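First up is the structure itself, then whatever we jot down about it.
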Amino acid sequence: IAEGETETRLADVELSMGLARQAESRLKSYETEVSQLSDAFLGIYFDTVLGSAQAQTGDFESAEHNLRTAIELSNIQLRSLHSDKPRIDWEKQSSEAYRHLVQLKMSQGQVIQAFPVWEAYLGSTNQSNEAPDQGVVETSNGPDRIEMARIGLGNDTVLSYALLPQGLAIWALDSRGVVGQFHNQRSGDIQALIHRFRSLCSNPASDLGELRASSRLLYGMLIKPIEDRLSSGGSLVIELDDELAGIPMDALVDSQGRFLNERVTISYSTGLYHSRRRSGLQTVSVDAKVLVVGVPTSNAILGHRLAPLPDAASEAESVAHSFRSATALLGGDAKVASITARMPSVALFHFAGHAFSSIAQSGLVLSDGLLGAPEVEGRLWPNLRLAVFSACDTQNDFSGGSRAYESLVRGFLHAGAANVVASDWDVDSAATRQFMELFYASLLQGNTVPTALHAAEIAMRSIPGKAHPYYWSAFAAFA
């Protein structure tokens with residue numbers, strides 16, 4: 001096993017240096033030996049590297065065979081995993097096989113055929129707590145699933161993005177079917193552009209001229225190729241590859257200087273096969289059972305002093321007063337056990353306070369600890385229509401991405417939440433309270449969560465001094 005792994009790693013290095021034939025030759029001499037081993041990780045790694053090398057040498061048939069073998073091996077593993085942490089480890093292990101198979105199909109001009117493969121990858125890692133044994137989404141029946149999803153879209157358009165070894169794949173799905181584009185550019189360069197744009201958006205002191213220039217560049221890359229699929233006043237459901245997480249898509253600017261959210265309502269999904277889109281379009285009434293938590297400061301995180309958030313308590317009280325049946329847990333009353341005990345019967349959960357993220361742990365900071373993925377995993381909250389995390393940077397954890405283990409978005413969606421609203425960067429406490437007042441005012445007029453969030457963004461941007469995306473583009477709706 002050790003020798004096989006060493007040779008595979010050497011072949012992987014050769015492949016990265018453009019020595020595809022050398023890498024293929026090295027691996028072919030060990031193919032029979034590795035196939036007889038019981039090490040699943042090595043088998044997946046070996047077939048992925050071999051398939052990738054064969055794709056580069058032009059042996060497309062063998063490349064697809066070996067990449068699909070790697071995927072099948074990883075799916076066999078996945079069937080035995082029933083909690084988030086092992087599934088995230090599986091995702092890291094199997095991701096490359098899926099990406100290279102999608103890349104292979106794109107390079108052959110099979111743009112449409114590549115889409116079900118990518119959705120199969122997203123779907124395999126997004127099983128809910130309600131049905132942890134529902135099985136793996138296989139790539140073979142992907143076209144049928146895509147067609148079923150298309151029929152249920154109505155007037156929505158789904159945009160899906162995949163960062164591949166040689167560039168960016170983009171697909172648009174609406175009632176007319178699927179179209180796709182491939183943007184040939186180094187993945188590191190794409191990520192650098194996204195990081196710069198997000199950095200500008202999350203800094204209220206950044207120059208708006210520079211921000212708009214960065215935004216137009218990304219618009220040309222991410223939206224322009226499928227712009228004809230956008231309908232003014234329509235709804236856009238976006239699936240972002242974890243490698244691209246954190247893009248405030250609503251702040252992208254077109255050639256006419258318009259922000260994207262001036263044209264469409266935007267929400268996010270973790271994949272067609274596990275999207276809760278239909279339940280996500282439910283509304284929330286003033287009579288809904290609501291749990292509101294406000295924690296301005298806490299000593300629960302040892303070694304970390306959290307600055308008081310002066311508007312957190314008043315925000316929580318304001319939200320609670322908007323509903324007829326609301327329970328407010330403030331300050332010291334906001335304990336982990338008290339909250340999780342109430343969640344099964346709650347229709348709306350709102351948190352105002354700090355979020356904490358480190359390599360070791362992450363979650364919402366309560367008076368006695370963190371409400372994070374370990375506290376949510378395995379729970380069923382079928383009545384939960386909406387969870388709002390009005391806290392610092394709750395969309396992504398330390399490792400990034402809405403599907404990362406510690407991600408509250410993933411945890412709550414898997415527990416049964418129809419919608420999750422989460423912030424993408426640290427937001428000023430007073431501005432957040434103002435934004436939430438606008439959001440709930442629209443929500444309680446009978447609007448869906450994405451529509452209410454869109455209305456709040458437009459209203460916030462019109463307030464003097466709040467034109468910068470920092471103030472209105474920080475929150476995203478997931479369903």
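None of these values were measured; they are calculated from a predicted model.
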Would Phe389 and Phe412 count as a close aromatic pair, with their ring centres under 6.0 Å? yes
Does any pair with a residue in residues 209-218 pass salt bridge (Lys or Arg N to Asp or Glu O under 4.0 Å), and if so which ones, sequence neighbours excluded? Arg196-Glu210
If the threshold is 4.0 Å, N to carboxylate O, is there a salt bridge linking Glu457 and Arg461? no
Side-chain contact test, heavy atoms from C-beta onward, threshold under 4.5 Å: evaluate it for Val158 versus Ile238 and give yes or no. no
Would you mind checking if Arg21 and Asp59 are paired as a salt bridge, meaning a charged N to carboxylate O distance below 4.0 Å? no
Determine whether the aromatic ring centres of residues Trp118 and Phe115 are separated by less than 6.0 angstrom. no
Please answer whether the main-chain N or O of Ile146 pairs with a side-chain N or O of Glu119 as donor and acceptor at a distance below 3.5 Å. no
Checking Gln54 against Asn66: is there a side-chain donor and acceptor pair closer than 3.5 Å? yes
Taking all heavy atoms of Glu31 and all of Phe46, pick out the closest pair and write down the distance. CA-CZ, 3.6 Å
If only atom types and distance count, is the side chain of Ser215 paired as donor or acceptor with the main-chain N or O of Leu211 below 3.5 Å? no
List the atom of Leu370, the atom of Phe356, and the distance in Å for their closest heavy-atom pair. CD2-CB, 4.1 Å
Taking the side chain from Ser25 and the backbone from Gln22, do they hold a donor-acceptor pair closer than 3.5 Å? no
Heavy-atom pair with the smallest gap, counting every atom of His350 and Ser390: NE2-CB, 3.8 Å
Tell me if a side-chain donor or acceptor on Asp254 pairs with a main-chain N or O of Arg258 at a distance below 3.5 Å. yes
Within the structure provided, determine whether Thr270 and Glu239 are in side-chain contact (heavy-atom separation under 4.5 Å). no
Ion pair present between Arg9 and Glu5, side-chain N to carboxylate O less than 4.0 angstrom? yes
Within the side chain of Ser74, is there an N or O that forms a donor-acceptor pair under 3.5 Å with the backbone of Ile71? yes
Tell me, yes or no, whether the heavy-atom count around Lys466 atom NZ, taken from other residues, nucleotides or ligands under 6.0 Å, exceeds 12. yes
Less than 4.5 Å apart, side chain to side chain, heavy atoms only: is that true for Glu3 and Tyr30? yes
Side chain Asp47, main chain Leu67, donor-acceptor under 3.5 Å: no
For residues Glu7 and Arg26, report the shortest heavy-atom separation together with the two atoms involved. OE1-NH1, 2.7 Å
Any side-chain heavy-atom pair from Val365 and Leu306 closer than 4.5 angstrom? yes
Side chains of Thr8 and Leu42: closer than 4.5 Å at any heavy-atom pair? yes
Look only at the side chain of Ser267 and the backbone of Pro450, and say whether a donor-acceptor pair between them is shorter than 3.5 Å. no
Any residue meeting side-chain contact (heavy atoms from CB on, under 4.5 Å) with Gln77, in chain and number order, not counting sequence neighbours: Ala40, Ile44, Trp90, Gln93
Could you tell me if the ring centre of Tyr471 sits under 6.0 Å from that of Phe435? no
Tyr161 side-chain N/O to Leu222 backbone N/O, donor-acceptor pair under 3.5 Å: yes
Could you report the tightest heavy-atom contact between Pro225 and Gln181, atom names first, then the distance? CB-CG, 3.6 Å
Just say parallel, tilted or perpendicular for the rings of His468 and Tyr470, cut-offs at 30° and 60°. perpendicular
Just by distance, do the side chain of Arg263 and the backbone of Phe259 share a donor-acceptor pair under 3.5 Å? no
Which heavy-atom pair separates Gln103 from Leu164 by the least distance, and what is that distance? OE1-CB, 3.2 Å
Between the side chain of Thr432 and the main-chain N/O of Asp428, is any donor-acceptor distance below 3.5 Å? yes
